[in-house]
Student: 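Here it is, the structure, as structure tokens.
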Amino acid sequence: MPRVARELSESGFYHITARGVGSQLIFYSDDHYVKFLDMLAQSCATHRVAIIAWCLMANHVHLLLENEDDERPDGFSKAMHSLLCRYAMYFNRSTERVGHVFQNRFGCSAINSDRYALQAATYIQRNALDAGFEVDEYPWSSFQEYAGVCRDDIGWLCKTDVLIGLAGSREGLIEYFMNGPCDDYRASCRTGRLNDGEALDRALSVLPEDVALHEVKALGVKRRNGILVSMREAGLLVKQIGRFTGIGISTISRATSRVMP
């Protein structure tokens with residue numbers, strides 16, 4: 001079954017995530033972070049995509065991008081494909097390793113309102129907390145750009161006027177990043193409550209290339225259960241997996257009992 005086309009955003013904003021395969025590190029040194037950002041800037045410029053916010057963690061990345069070319073609504077997808085392919089080749093060369101660097105297809109959520117764009121950017125900046133940093137101290141996020149500080153090693157990356165305009169001022173945006181609400185957006189990211197279109201996209205992204213969705217039910221128990229676990233870890237609800245695969249709810253629940261609901 002072919003992959004489902006990405007959901008297009010009415011606003012042009014997209015929250016993009018990419019994670020190291022098996023949650024392994026994708027950045028070993030400052031040079032890796034800087035190289036990724038350099039490639040990000042190049043890919044976005046080529047495909048007319050604006051960088052609105054970013055945060056790079058040791059084993060995953062969060063980006064808020066804006067598609068600026070109405071005649072190329074898939075520009076963000078092409079930019080990400082180019083970026084991840086180029087960085088994977090660079091990373092493997094620099095670390096003398098082989099194989100996949102990123103886990104499955106990159107994650108993509110269409111942001112369809114100004115409120116959620118602001119909350120998504122705040123959620124992205126606050127990933128620094130997971131690394132034990134304060135939001136305004138983490139070196140690998142766009143926070144410093146919004147505070148008006150340009151680093152010599154990466155320069156200016158973000159189109160900052162969008163979020164500053166939404167918040168009313170630079171000072172208001174910094175305050176929002178530090179203390180503003182993003183609970184609604186955080187909940188939508190972490191509960192796994194995807195609509196069926198998003199869920200199907202995620203299901204297909206974790207499916208092995210030699211298996212069609214309707215074939216999962218007929219696989220051996222071990223392989224079938226491994227795929228079911230991957231789908232649950234990707235954020236699908238048990239009922240959604242059942243609808244897509246035809247497998248009974250109780251079977252899916254038993255097979256994925258170790259996965260948090």
Student: Students often mix this up, so state it plainly: with edges at 30° and 60°, are the rings of Tyr138 and Phe133 parallel, tilted or perpendicular?
Tutor: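 Ring orientation of Tyr138 relative to Phe133: perpendicular.
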
Student: Would you compute the distance between atom SG of Cys44 and atom CD of Glu66 and round it to the nearest 0.5 angstrom?
Tutor: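 Going from SG on Cys44 over to CD on Glu66, the span is 11.0 Å.
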
Student: Taking the six-membered ring for Trp, are Phe177 and Tyr146 parallel (under 30°), tilted (30 to 60°) or perpendicular (over 60°)?
Tutor: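 Taking Tyr146 first and then Phe177, their aromatic rings stand perpendicular (interplane angle over 60°).
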
Student: Any chance you could measure Ile124, atom CD1, to Thr17, atom OG1, to the nearest 0.5 Å?
Tutor: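 If we round to the nearest 0.5 Å, Ile124:CD1 and Thr17:OG1 are 9.5 Å apart.
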
Student: Please check: side-chain N/O of Arg19 versus main-chain N/O of Gly107, any donor-acceptor pairing under 3.5 Å?
Tutor: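 It does not hold such a pair.
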
Student: Given Ile241 and Ile247, is the side chain to side chain contact (heavy atoms under 4.5 Å, CB included) satisfied, shown in steps?
Tutor: CA-CA 8 Å; Ile241 297 173; Ile247 299 173; 5.8 Å; no

Student: State the NE2-OH distance between His15 and Tyr123, to the nearest 0.5 angstrom.
Tutor: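 If we round to the nearest 0.5 Å, His15:NE2 and Tyr123:OH are 6.5 Å apart.
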
Student: For Thr251 and Lys217, run side chain to side chain contact (heavy atoms under 4.5 Å, CB included): C-alpha distance rounded to whole Å, both residues' side-chain angles, the deciding distance at 0.1 Å, then the answer.
Tutor: CA-CA 10 Å; Thr251 299; Lys217 185 176 182 178; over 6 Å; no

Student: Give a yes or no answer on whether the side chain of Gln144 reaches the backbone of Val149 with a donor-acceptor pair at less than 3.5 Å.
Tutor: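 Checking the backbone N and O of Val149 against the side chain of Gln144, no donor-acceptor pair under 3.5 Å is found.
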
Student: Is it the case that over 12 heavy atoms from other parts of the model lie below 6.0 angstrom from the NZ atom of Lys159?
Tutor: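 Atom NZ in Lys159 is packed in, count exceeds 12.
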
Student: Show the nearest heavy-atom pair for residues Leu40 and Leu83, with the distance to one decimal.
Tutor: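 That would be N-CD1, 3.4 Å.
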
Student: Is Lys78 paired with Asp74 through a side-chain N to carboxylate O contact shorter than 4.0 Å?
Tutor: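 Yes, charged N to carboxylate O under 4.0 Å.
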
Student: What closest approach, in Å, do Gly20 and Ile26 show between heavy atoms, and which atom pair accounts for it?
Tutor: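 Scanning both residues, the minimum pair turns out to be CA-CG2, 3.5 Å.
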
Student: Shortest non-hydrogen contact from Gln125 to Ala53?
Tutor: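 Minimum heavy-atom separation between Gln125 and Ala53: NE2-CB, 3.6 Å.
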
Student: Among Leu219, Val206, Thr245, find the one that has a side chain to side chain contact (heavy atoms under 4.5 Å, CB included) with Ile227.
Tutor: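 By the side chain to side chain contact (heavy atoms under 4.5 Å, CB included) criterion, Ile227 pairs with just one of Leu219, Val206, Thr245: Leu219.
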
Student: Do Leu25 and Val21 belong to the same hydrophobic cluster, where Ile, Leu, Val, Met, Phe, Trp and Tyr are linked whenever their side-chain heavy atoms lie under 4.5 Å apart, directly or via other members?
Tutor: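 They do not share one cluster, since no chain of ILVMFWY contacts under 4.5 Å joins Leu25 to Val21.
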
Student: Atom CG in Asp69, atom CZ in Arg48: separation rounded to 0.5 Å?
Tutor: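 Separation between the atoms: 4.0 Å.
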
Student: At their closest point, which heavy atom of Cys55 faces which heavy atom of Met57, and how far apart are they?
Tutor: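 Scanning both residues, the minimum pair turns out to be SG-SD, 3.7 Å.
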
Student: With sequence neighbours excluded, what pairs up with Arg86 under the side chain to side chain donor-acceptor pair (under 3.5 Å) test?
Tutor: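 With sequence neighbours excluded, Arg86 shows a side chain to side chain donor-acceptor pair (under 3.5 Å) to Gln42, given in chain and number order.
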
Student: Atom CG of Leu173 and atom OG1 of Thr122: how far apart are they, to the nearest 0.5 Å?
Tutor: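 That separation rounds to 7.0 Å.
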
Student: So, the side chain of Glu215 versus the backbone of Ala212: is there a donor-acceptor pair under 3.5 Å, distance only?
Tutor: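 Yes, Glu215 side chain to Ala212 backbone: donor-acceptor pair under 3.5 Å.
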
Student: Would you say the side chain of Met80 lies within less than 4.5 Å of the side chain of Cys108, judging by non-hydrogen atoms?
Tutor: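 No, too far: nothing below the 4.5 Å cut-off.
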
Student: Kindly say whether Leu157 contributes a backbone atom to a donor-acceptor pair with the side chain of Glu145 at under 3.5 angstrom?
Tutor: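 Confirmed, Glu145 side chain pairs with Leu157 backbone.
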
Student: Name the one of Trp140, Phe27, Tyr90 that satisfies ring-ring contact (aromatic ring centres under 6.0 Å, His included) with His32?
Tutor: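 Exactly one candidate clears the test, Tyr90.
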
Student: Is there a side chain to side chain contact (heavy atoms under 4.5 Å, CB included) between Tyr176 and Gln119 once you walk through the steps?
Tutor: CA-CA 9 Å; Tyr176 197 99; Gln119 289 199 10; 3.6 Å; yes

Student: Check whether any side-chain heavy atom of Ile252 lies under 4.5 Å from a side-chain heavy atom of Lys239, and answer yes or no.
Tutor: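 With C-beta onward as the side chain, the pair stays apart.
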
Student: Looking at Leu65, Val162, Asn67, which one forms a side chain to side chain contact (heavy atoms under 4.5 Å, CB included) with Phe13?
Tutor: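 When Leu65, Val162, Asn67 are each tested with Phe13, the side chain to side chain contact (heavy atoms under 4.5 Å, CB included) holds only for Val162.
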
Student: Parallel under 30°, tilted from 30 to 60°, perpendicular over 60°: which one fits the rings of Phe76 and Tyr14?
Tutor: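 The rings of Phe76 and Tyr14 lie parallel, inter-plane angle below 30°.
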
Student: Could you give me the CA-CA distance, side-chain angles and deciding distance for Leu37 and Trp54, then say whether side chain to side chain contact (heavy atoms under 4.5 Å, CB included) is met?
Tutor: CA-CA 9 Å; Leu37 292 171; Trp54 56 272; 3.7 Å; yes

Student: Taking only residues two or more places apart in sequence or in another chain, which ones pass salt bridge (Lys or Arg N to Asp or Glu O under 4.0 Å) with Asp38?
Tutor: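 For Asp38, no residue satisfies salt bridge (Lys or Arg N to Asp or Glu O under 4.0 Å) once neighbours in sequence are set aside.
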
Student: Between His62 and His60, what is the ring plane arrangement, given parallel below 30°, perpendicular above 60°, and tilted in between?
Tutor: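 If you compare the ring of His62 with that of His60, the planes turn out perpendicular.
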
Student: If you group Ile, Leu, Val, Met, Phe, Trp and Tyr by side-chain heavy-atom gaps below 4.5 Å, do Met89 and Met39 land in one group?
Tutor: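 In one cluster with Met89: Met39, no.
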
Student: What about Tyr28 and Val34, same hydrophobic cluster or not, with Ile/Leu/Val/Met/Phe/Trp/Tyr joined at side-chain heavy-atom distances under 4.5 Å?
Tutor: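 In one cluster with Tyr28: Val34, yes.
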
Student: Are Met178 and Leu118 co-members of a hydrophobic cluster defined by side-chain heavy atoms under 4.5 Å apart?
Tutor: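 As far as the 4.5 Å side-chain criterion goes, Met178 and Leu118 are connected within one cluster.
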
Student: Nearest 0.5 Å please: distance from the CG atom of Leu56 over to the CG atom of Asn127.
Tutor: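 Reported value, rounded in 0.5 Å steps: 10.5 Å.
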
Student: Do Ser82 and His47 have a side chain donor and acceptor closer than 3.5 Å?
Tutor: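 No, no side-chain donor-acceptor contact under 3.5 Å.
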
Student: Could you pull out the closest heavy-atom pair between Ile249 and Gly242, with the gap in Å?
Tutor: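 Residues Ile249 and Gly242, closest heavy atoms: CD1-CA, 4.5 Å.
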
Student: Quick one: does any side-chain atom of Ser169 pair with a main-chain N or O of Gly172 as donor and acceptor, under 3.5 Å?
Tutor: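 The answer is yes, because a donor-acceptor pair under 3.5 Å joins these two groups.
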
Student: For Phe102 versus Ala18, what's the shortest heavy-atom pair and its separation?
Tutor: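 So the two residues come closest at CD2-CB, 4.0 Å.
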
Student: Phe36 vs Tyr87 aromatic rings, parallel, tilted or perpendicular, using cut-offs 30° and 60°?
Tutor: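 Perpendicular.
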
Student: When you look at CG of Asp210, are more than 12 heavy atoms from neighbouring residues, nucleotides or ligands closer to it than 6.0 Å?
Tutor: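 It does: Asp210 CG has more than 12 such atoms within range.
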
